Amino acid sequence: MTQPVGPPSRVRVTGPPRRRPPAGRTSDIDAGTRLGGVYMRSLLREQLRLAVGVLLVMGSTIGLLPLVFYLAPGLSDVRLLGLPLGWLLLGVVVYPTLVLLGWGYVRRAERNERDFAEILSEADR
Amino acid sequence: MSPGLDAAPGIVAITLVTIATLAIGTWGLRFSRTTSDFFVASRTVHPRLNASAIGGEYLSAASFLGVAGLVLINGADMLWYPVGWTAGYLVLLVLVAAPLRRSGAYTLPDFAEARLGSRGVRAVCSVLVVAIGWLYLIPQFKGAGLTLRSAVGAPIWVGPVIVSMVVLANVTMGGMRSITFVQAFQYWLKLTALLVPAAVLLVVWAGDGATRTDGGGEWSLPLAPGGAEGLYVTYSLIVATFLGTMGLPHVVVRFYTNPDGRAARRTTLAVLVLLGLFYLLPPVYGALGRIYAPELATAGSSDALVLELPRIMVDGPLGEVLTGMVTAGAFAAFLSTSSGLSIAVAGVMSQDITGRARLRGRRLGGVAAFRLGAVAAVTVPCIIALLAPDLGVARAVGLAFAMAAATFCPLLLLGIWWRGLTSVGAIAGLVAGGIGSAVAIAWTVRVSAPSGWVDALMGQPAAWTVPLALVTMVAVSRLTRARVPADAGRFLVRLHTPETLELDRG
């Protein structure tokens with residue numbers, strides 16, 4: 001019997017992967033490289049911007065109330081839902097507002113951190 | 001009031017709260033085995049339990065009794081106290097919560113030393129923690145004396161002594177783990193004890209045809225009286241309470257019991273919900289008091305409004321039961337806040353004072369030093385409370401907030417967000433803010449009838465002490481730029497990166 005003529009059958013050669021999955025960019029931060037510094041600064045800036053934003057919203061709503069009532073003291077005689085306006089705002093409305101602000105902050109802060117983790121774990125490209 | 005039949009609900013209530021507190025503390029002991037349990041509940045407290053515990057610890061005599069009394073006397077501008085005490089947690093949430101947990105610091109001195117690598121900063125912080133802790137404890141003990149006098153006609157010293165003994169027993173036996181259960185229980189106890197009577201009283205009020213007071217004018221103006229001065233006082237109170245919360249020693253300790261930074265944030269958010277729920281209630285008592293108990297609207301007796309109102313409005317056994325409930329809640333308020341503060345002060349003392357003491361040539365061990373610290377942390381303010389003049393519970397607590405805002409708030413803000421802070425700058429700022437607040441407090445205690453700008457500036461100092469401390473810290477840090485710690489960058493990595501990332505955190 002003669003061997004069929006033709007190209008020898010292919011042999012799959014396997015071995016340990018030559019290229020380890022890249023360590024990601026955490027090493028840049030660990031080594032304190034310039035790139036690592038850029039990442040850290042951008043995370044800090046994002047989180048601080050978010051925090052300041054939330055505080056600004058609080059300051060320009062709740063924080064302005066004393067000034068508003070100082071400039072227009074007649075407002076304290078206004079009644080809404082049977083309650084004087086000052087009581088309604090400071091006794092009731094403030095609290096859900098604070099909770100909403102806090103809830104929005106937690107969501108965004110966690111998203112910032114997830115984004116940061118994603119950027120760092122991406123392979124070097 | 002003479003002790004007698006009137007005293008029965010109060011005595012029953014206080015006895016029940018004391019027994020429940022000790023029982024839960026003892027039950028918690030079963031879970032408290034290691035030193036780590038003792039100090040930080042092994043850092044595994046779920047956000048929901050932890051938030052209840054923080055709420056329980058935070059809602060002090062000032063919240064339970066003081067706010068309603070102040071509202072009764074002064075009207076809507078006093079609502080800024082509860083609003084500020086809640087908003088303080090939002091400020092804490094967005095600027096401090098997660099980084100503080102990630103710093104791995106157990107106390108404020110720990111944070112300062114880790115961040116700035118200086119024993120000097122640590123020492124200054126320790127002194128401030130003890131000062132703020134005691135400043136906060138004194139009105140708690142004073143309120144306890146008042147509650148027992150109002151509820152059972154006991155002499156004024158009985159309250160402080162009972163509260164200190166129960167606190168000492170719980171704190172020294174079980175430490176943080178068992179206290180966590182006690183505090184969480186006490187939040188819900190306080191909420192119920194204020195909610196149920198408030199609901200009944202509102203029904204009574206509606207039955208009376210929902211009589212109204214004039215309601216309008218000065219009393220409903222959410223602004224302190226006195227024109228521009230009043231505006232200053234209101235804004236200064238806002239600064240003190242919004243920024244002071246993050247610097248309170250017992251609040252910081254609680255953050256370390258969270259598993260990680262993310263849990264710390266969620267805990268703080270839950271605390272916001274719990275506080276918002278609770279603070280809906282004290283103004284109800286203030287407003288009803290204006291209709292049914294205007295005779296209590298004097299400086300000496302207004303703190304007793306919450307305790308007296310149920311009996312005034314409702315006759316017979318129901319009134320007695322409701323009185324028992326609010327008494328129980330008030331007593332729980334003293335116990336929980338005093339426990340939390342004592343733990344914080346004792347923790348700092350055991351690290352920096354009693355932990356260095358030598359007994360027969362040997363250093364005291366961790367838990368023994370903590371217990372000794374707890375004894376000092378409770379005894380000293382208890383004695384001062386018996387001797388010091390009465391400022392009103394909420395006012396005195398307000399001064400503790402002002403001091404925290406002028407010292408630890410700048411330290412935390414700059415330490416967490418600014419690489420350039422140096423140890424010299426931190427010390428200079430802490431000393432400037434601390435001395436400014438101390439002078440203002442001494443002035444306020446001395447002056448009995450405040451009037452004019454100087455008294456306003458001294459009575460509500462935060463609006464000038466906080467900027468003073470901040471500017472001092474930044475300016476001195478700039479001048480000593482060479483002393484910025486070499487590992488400041490690494491420390492900021494630790495504070496701000498999520499724990500899921502594998503990073504070198506120093």
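Chain A is the first sequence line, chain B the second, and so forth, proteins listed ahead of strands; every chain is numbered from 1. Only a predicted model underlies this, so the values are computations on that prediction, with no experimental measurement involved.
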### Task
Between chain A and each of B:Gly489, B:Ala228, B:Pro282, count heavy-atom pairs under 4.5 Å; write down the option with the most.
B:Ala228

### Message
Counting only non-hydrogen atoms closer than 4.5 Å, does A:Leu67 touch chain B with its backbone (N, CA, C, O), its side chain (CB onward), both, or neither?
### Response
both

### Interface moiety of A:Leu89 toward chain B, non-hydrogen atoms closer than 4.5 Å
neither

### B:Ala98, part contacting chain A, at a heavy-atom distance under 4.5 Å
neither

### Query
Side chain, backbone, both or neither: which part of B:Thr234 has a heavy atom under 4.5 Å from chain A?
side chain

### Summary
Ranking A:Gly86, A:Gly102, A:Pro96 by heavy-atom pairs under 4.5 Å to chain B gives rank one to A:Gly102

### Message
If I measure from the heavy atoms of chain A, does B:Leu93 come under 4.5 Å with its side chain, its backbone, both, or neither?
### Response
both

### Query
Measuring heavy-atom distances to chain B, does A:Phe69 have an atom under 4.5 Å in its side chain, in its backbone, in both, or in neither?
both

### Message
Is any side-chain heavy atom of B:Arg102 closer than 4.5 Å to one of B:Thr497?
### Response
no

### Query
side chain to side chain donor-acceptor pair (under 3.5 Å) with B:Thr267: which residues, sequence neighbours excluded?
B:Asn258

### Query
With only heavy atoms counted, which part of A:Leu98 is less than 4.5 Å from chain B, the side chain, the backbone, both or neither?
both

### Message
Is B:Val71 in contact with chain A via its backbone, its side chain, both, or neither, using a 4.5 Å heavy-atom distance?
### Response
side chain

### Which atoms of A:Val99 approach chain B - backbone, side chain, both or neither, heavy atom under 4.5 Å
both

### Message
Can you tell me which of A:Gly91, A:Pro66, A:Gly63 forms the most heavy-atom pairs within a distance under 4.5 Å of chain B?
### Response
A:Pro66

### Query
Of all heavy-atom pairs between B:Gly75 and A:Trp87, which one has the smallest distance, and what is that distance?
C-CZ2, 4.4 Å

### Query
Any donor and acceptor pair, going by atom type alone, linking the side chain of A:Tyr95 with main-chain N or O of B:Thr86 inside 3.5 Å?
no

### Query
How about B:Leu412 and B:Leu100: do any of their side-chain heavy atoms sit closer than 4.5 Å?
yes

### Query
Using non-hydrogen atoms only, which part of A:Arg108 is less than 4.5 Å away from chain B: side chain, backbone, both, or neither?
neither

### Query
Is there a side-chain contact between B:Met246 and B:Leu413, using heavy atoms and a 4.5 Å cut-off?
yes

### Query
Using non-hydrogen atoms only, which part of B:Leu492 is less than 4.5 Å away from chain A: side chain, backbone, both, or neither?
both

### Query
Using non-hydrogen atoms only, which part of B:Pro82 is less than 4.5 Å away from chain A: side chain, backbone, both, or neither?
both

### Task
Apply side chain to side chain donor-acceptor pair (under 3.5 Å) to B:Arg115 and list each qualifying residue two or more places apart in sequence or on a separate chain.
none

### Summary
On a heavy-atom basis, the closest approach of B:Thr268 and B:Tyr89 is CG2-O, 3.5 Å

### Task
Using a 4.5 Å cut-off on heavy atoms from C-beta on, say whether the side chain of B:Arg494 contacts that of B:Phe491.
yes

### Query
If you count heavy-atom pairs under 4.5 Å with chain A, which of B:Leu275, B:Leu90, B:Leu277 comes out on top?
B:Leu90

### Task
Say whether B:Thr241 and B:Tyr81, considering side chains only, have a donor N or O and an acceptor N or O under 3.5 Å apart.
no

### Query
Does the side chain of B:Thr245 pick up a donor-acceptor pair with the side chain of B:Tyr58 at under 3.5 Å?
yes

### Message
For B:Tyr235, which atoms come within 4.5 Å of any heavy atom of chain A: side chain, backbone, both, or neither?
### Response
side chain

### Task
Could you tell me which portion of B:Leu231 (side chain, backbone, both or neither) has an atom closer than 4.5 angstrom to a non-hydrogen atom of chain A?
side chain

### Query
Which answer fits A:Leu55, side chain, backbone, both or neither, if we ask what part of it has an atom under 4.5 Å from a heavy atom of chain B?
side chain

### Message
Any salt bridge linking B:Arg101 with B:Glu499? Criterion: basic side-chain nitrogen under 4.0 Å from a carboxylate oxygen.
### Response
no

